[in-house]
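Taking it in order: structure first as structure tokens, then the write-up.
Keep in mind that what you see is a predicted model, and the values were worked out from it rather than measured. Sequence positions, counted from 1, serve as the residue numbers for this chain. Heavy-atom basis, side chains included; hydrogens, waters and symmetry copies ignored.
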Amino acid sequence: MGMLRKLVASGVAAKVVQELQKPQNQAKIKQFIRDYQSKNKKRGTSGRAY
């Protein structure tokens, strides 16, 4: 069972790598990172709210 799990995981990882290499997906990822970083900058740097 463990061997099957590893086989499936490696197949999924290979598919993810293939998708990440496509230019349109790279653009989406970069835009997501920019949006995420700008959202975090708006919050401020006061740390966690307890």
Side-chain angles (χ1 to χ4, degrees):
M1 193 68 175
M3 187 175 165
L4 180 62
R5 185 177 298 165
K6 288 180 183 179
L7 185 63
V8 170
S10 65
V12 169
K15 180 65 176 172
V16 168
V17 169
Q18 285 177 347
E19 290 298 316
L20 289 177
Q21 290 175 344
K22 294 181 180 178
Q24 65 270 26
N25 290 338
Q26 289 178 356
K28 288 178 186 178
I29 292 168
K30 288 178 183 177
Q31 183 63 43
F32 172 78
I33 291 171
R34 270 186 248 126
D35 293 345
Y36 185 78
Q37 288 175 341
S38 67
K39 186 172 81 170
N40 283 343
K41 285 180 183 178
K42 290 178 186 177
R43 286 187 186 176
T45 58
S46 60
R48 291 185 178 182
Y50 291 99

Q) Can Q37 and R34 be said to form a side chain to side chain donor-acceptor pair (under 3.5 Å), step by step? A) CA-CA 5 Å; Q37 288 175 341; R34 270 186 248 126; over 6 Å; no

Q. How close do Q26 and Q21 get, heavy atom to heavy atom, and via which atoms?
A. NE2-O, 3.7 Å

Q.
Restricting to salt bridge (charged side-chain N to carboxylate O under 4.0 Å, His left out), what partner residues turn up for K30, sequence neighbours left out?
A. none

Residues 11-19 side chain polar contacts: donor-acceptor under 3.5 Å, at least two apart:
{"residue": "K15", "atom": "NZ", "partner": "E19", "partner atom": "OE2", "Å": "3.3"}
{"residue": "E19", "atom": "OE1", "partner": "N25", "partner atom": "ND2", "Å": "3.2"}
{"residue": "E19", "atom": "OE2", "partner": "K22", "partner atom": "NZ", "Å": "3.2"}

